[in-house]
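These notes concern the structure reproduced below.
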Protein chains: 2
Amino acid sequence: MARVRISDVAAAAGVSTATVSLVLNNRTARISDATRDRVRQAATEVGYTPNSVARGLRTQRSHTIGLISDRIATTPFAGRMLAGAQDVAREHGHLVFLVDTDADETVEREAIRALADQQVDAMIYACMWHRVVDAPASLPRGTVFLDCRPAGGGFPAVVPDDRAGGVSAVRALVAAGHRRIAYLDVDEPHPPVASDLRHRGYLEVLSEAGIDPDPALHVRGDTSSAGGRAATDRLLDLPEDRRPTALFCFNDRMAAGAYVAAHRRGLRIPQDLSIVGYDDQQLVAAELDPPLTTVALPHYEMGRWAMEVALGIRTPDDPGAPHLMPCPIVDRDSVGPPPATAASDSRRRT
Amino acid sequence: MARVRISDVAAAAGVSTATVSLVLNNRTARISDATRDRVRQAATEVGYTPNSVARGLRTQRSHTIGLISDRIATTPFAGRMLAGAQDVAREHGHLVFLVDTDADETVEREAIRALADQQVDAMIYACMWHRVVDAPASLPRGTVFLDCRPAGGGFPAVVPDDRAGGVSAVRALVAAGHRRIAYLDVDEPHPPVASDLRHRGYLEVLSEAGIDPDPALHVRGDTSSAGGRAATDRLLDLPEDRRPTALFCFNDRMAAGAYVAAHRRGLRIPQDLSIVGYDDQQLVAAELDPPLTTVALPHYEMGRWAMEVALGIRTPDDPGAPHLMPCPIVDRDSVGPPPATAASDSRRRT
DNA sequence: CTGAAAGCGCTAACAA
DNA sequence: TTGTTAGCGCTTTCAG
């Protein structure tokens with residue numbers, strides 16, 4: 001049960017601990033091949049494996065990263081960020097401490113201290129959604145912000161490129177022939193930054209397509225299935241010539257609600273109404289009938305990026321600004337050409 | 001930027017490092033009140049906070065727990081287990097290393113070694129679903145199994161009480177007056193243990209209610225929305241007097257598929273068909289229309305339990321057998337009395 | 001009641 | 001090419 005130490009290897013190989021250390025760390029430059037092999041064999045024979053704590057105390061590097069998050073670990077949503085961060089850490093021989101603070105400031109402060117006391121080599125501060133946050137004062141410099149941006153800057157950060165994601169979504173709709181495209185936005189006192197960014201993308205595409213934005217098509221609702229359904233109902237209650245033929249939804253849950261509203265009126269997707277979501281949320285986007293075309297959040301890639309800069313493997317291109325990670329569109333079956341009646345620039349046929 | 005050490009505090013307080021250590025660890029028995037206060041004040045003044053690595057090296061306790069999982073951290077499903085484990089760890093001043101192995105044996109082996117090298121005080125081995133697993137040979141004794149059971153025993157373990165969960169689900173249906181109750185089971189070559197356990201619960205309730213189990217009502221399908229829909233279609237294709245009035249589904253996604261199948265035939269839930277799911281999966285159970293009555297998996301509680309035994313705060317009641325955690329039923333709106341035509345023991349009225 | 005000194009397991013100067 | 005020694009920052013006897 002007792003761990004075998006470097007001195008056991010030294011004894012077994014008949015050399016000093018210093019030699020063992022050199023060999024095992026591949027500082028093998030000035031070691032004879034014979035002793036090198038002897039040491040290596042002795043090490044495997046006695047089953048030696050170095051004590052990282054002792055090594056860390058001596059070298060001042062723990063090969064350990066602290067990842068603090070509001071609740072990405074304990075919530076369904078952004079777990080792929082962890083996967084990305086983990087993978088990079090593992091590829092480089094690091095272990096990660098994970099702390100979910102539940103957005104409690106006291107817990108957060110204590111977590112930062114505990115991680116610092118454990119001598120982590122770096123920290124990552126992650127949020128479940130793209131947000132602007134006040135960086136806790138005790139955060140060490142160089143801490144990487146993941147899926148959030150520190151209000152005052154000063155830290156490397158990576159966030160999704162929500163504007164470009166909005167562009168991709170609406171372009172897909174325009175490319176299918178739609179011209180009356182609604183944006184189902186969030187309805188909150190302090191909307192997430194993504195809300196505005198995606199809206200900007202939406203407006204950009206309308207502009208480049210020569211479409212006058214209709215304010216009546218920018219509706220808001222709760223970011224839930226129910227909210228999406230209610231917002232869609234309002235849209236579908238518009239007179240037929242002002243009614244949208246396509247919906248760009250802030251997220252997939254709202255899109256799911258839009259499906260319900262459409263089905264209740266006997267509208268088929270995408271024949272009668274095209275829909276694009278956002279998030280590519282498992283259990284929602286792919287399970288809908290028909291499967292939802294949506295914009296994916298690059299959680300895994302952001303996680304990798306953050307860990308790479310935390311480990312010093314990568315340096316942010318522009319240290320001043322957050323790194324914008326592209327949001328790829330996932331083409332499924334909820335987008336089609338507008339219905340014939342609406343296609344000819346909202347002129348009725350019957 | 002340089003960390004302040006215990007010797008800095010000692011200097012500031014005009015005492016030896018030993019005294020500082022004693023005071024800060026509340027071994028204050030044989031220390032005068034005066035120096036105690038002086039040391040404490042000096043410590044806060046210089047902003048001292050002990051180096052856990054150095055302390056761990058000396059005391060042989062790292063206040064660190066390793067949590068190895070197949071993929072609970074990076075997948076939507078069982079994250080609440082982490083929350084439970086985390087909370088307990090934090091309440092007791094421990095930090096947790098999280099490693100997702102993606103069920104890769106090599107990764108797993110290396111993770112175990114890395115955690116051992118980091119001198120973790122204990123390990124938890126967690127699975128995303130209730131499974132029977134072969135314990136990796138290198139796992140230290142005393143490792144706690146979370147949401148899985150080691151094939152050979154020999155480790156403390158906690159799993160959901162799936163049999164009792166099946167009982168609760170089917171009892172709810174029987175209590176509502178149903179007698180023709182189907183079980184939508186998993187269709188896999190190696191079904192999860194929960195499949196059989198829930199089926200046992202199902203049979204138990206039928207037996208206690210004096211209902212003869214009808215093999216035609218035990219159907220199988222893919223554990224997905226599509227699978228649930230297909231299985232339900234087969235059930236609803238039965239002649240009316242053999243058709244079930246209620247469905248107990250292996251999971252919420254299958255239940256979601258059952259909703260689709262029912263809706264396509266114009267059947268209302270729960271007026272025409274009652275449905276109970278399993279998992280209480282966020283974004284599925286609560287978002288369905290009407291909200292799904294289901295059995296919740298006690299992820300959070302299992303996570304707490306596992307960490308409590310890992311920390312030695314709790315001892316398993318019966319060290320031989322896995323601890324069975326109750327699965328509470330979550331009553332929502334998908335269960336009602338059977339339709340009148342079927343109520344009188346499957347006799348047609350028209 | 002407090003201080004001196006040893007040592008946790010390892011690595012890095014410096015000697016030999 | 002290898003060994004000796006010191007020391008990372010802390011806790012813990014053991015003296016005083």
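Chain letters run A, B, ... following the sequence lines, proteins first and then strands; every chain starts at 1. No experiment lies behind these values; they were computed from the predicted model shown.
Here D/dC14 is the nucleotide among D/dC14, D/dT12, C/dC10 with the atom lying nearest to any side-chain atom of B/Arg30. Of all nucleotides listed (C/dT11, C/dG9, D/dT12), C/dG9 comes nearest to the side chain of B/Leu57. Listed nucleotides D/dC10, D/dG3, C/dC10 differ in distance to A/Ala18; the shortest reach to its side chain belongs to D/dG3. Checking C/dG9, D/dG3, C/dA12 against the side-chain heavy atoms of A/Val15 singles out D/dG3 as nearest. Nearest nucleotide to the side chain of A/Ile6, out of C/dC10, D/dT4, C/dT2: C/dC10. Closest approach to the B/Arg58 side chain among C/dT2, C/dG9, C/dG7 is made by C/dG7 (side chain taken as heavy atoms from C-beta onward). Residue A/Thr35 has its side chain nearest to D/dT2 when only D/dC8, D/dC10, D/dT2 are considered. For A/Ser16, the listed nucleotide lying nearest its side chain is D/dG3; candidates were D/dG3, C/dT11, C/dT2.
Within the nucleic acid shown, B/Val53 has no heavy atom closer than 4.0 Å to any nucleic acid atom. Within 4.0 Å (heavy atoms only), A/Ser32 reaches sugar-phosphate atoms of the nucleic acid but no base atom.
A salt bridge does not link A/Arg38 to A/Asp33: none of the charged nitrogens lies less than 4.0 Å from a carboxylate oxygen. Using a cutoff of 4.0 Å between basic side-chain nitrogens and carboxylate oxygens, A/Arg71 and A/Asp100 are not scored as salt-bridged. Salt bridge status for B/Arg90 with A/Asp102: absent, with no side-chain N to carboxylate O gap under 4.0 Å.
For the pair B/Arg55 CZ and D/dT12 C1', the interatomic distance rounds to 13 Å; values are reported in whole Å. The interatomic distance linking B/Arg27 (CZ) with C/dG3 (P) rounds to 18 Å, in whole Å. Following rounding to the nearest Å, A/Arg3 (CZ) and C/dG9 (P) show an atom-to-atom distance of 9 Å. Between B/Gln119 atom CD and D/dG9 atom C1' the separation is 16 Å, expressed in whole Å. Distance NE2 (B/His63) to P (D/dC10): 14 Å, rounded to an integer number of Å. As rounded to whole Å, 10 Å separates atom C1' of D/dG3 from atom CD1 of A/Ile31. With rounding to whole Å, B/Leu22 atom CG is found 15 Å from D/dC14 atom P. Atom CD in A/Gln118 sits roughly 13 Å away from atom C1' in D/dC10 (whole-Å rounding).
Atom-to-atom distance recorded for A/Gln60:CD and A/Gln119:CD is 6.5 Å, nearest 0.5 angstrom.
Judged purely by distance below 3.5 Å, without hydrogens or angles, the side chains of A/His63 and A/Asp121 never pair a donor atom with an acceptor atom.
Comparing B/Gly14 and A/Pro50 by the nucleotide of DNA chain C whose heavy atom lies nearest to each, the residue mapping closer to the 5' end is B/Gly14.
Contact check, A/Arg5 against C/dG9: a side-chain N or O comes under 4.0 Å of OP1 or OP2. Within the structure, a side-chain polar atom (N or O) of A/Gln60 is placed less than 4.0 Å from OP1 or OP2 of D/dG9. Within the structure, every side-chain polar atom (N or O) of A/Asn51 is placed at least 4.0 Å from both OP1 and OP2 of C/dC8. Dashed line: the shortest gap from a side-chain N or O of A/Thr59 to OP1 or OP2 of C/dT11 is not under 4.0 Å.
Without hydrogens or angle criteria, A/Asp318 side chain to A/Gly320 main chain gives a donor-acceptor distance under 3.5 Å.
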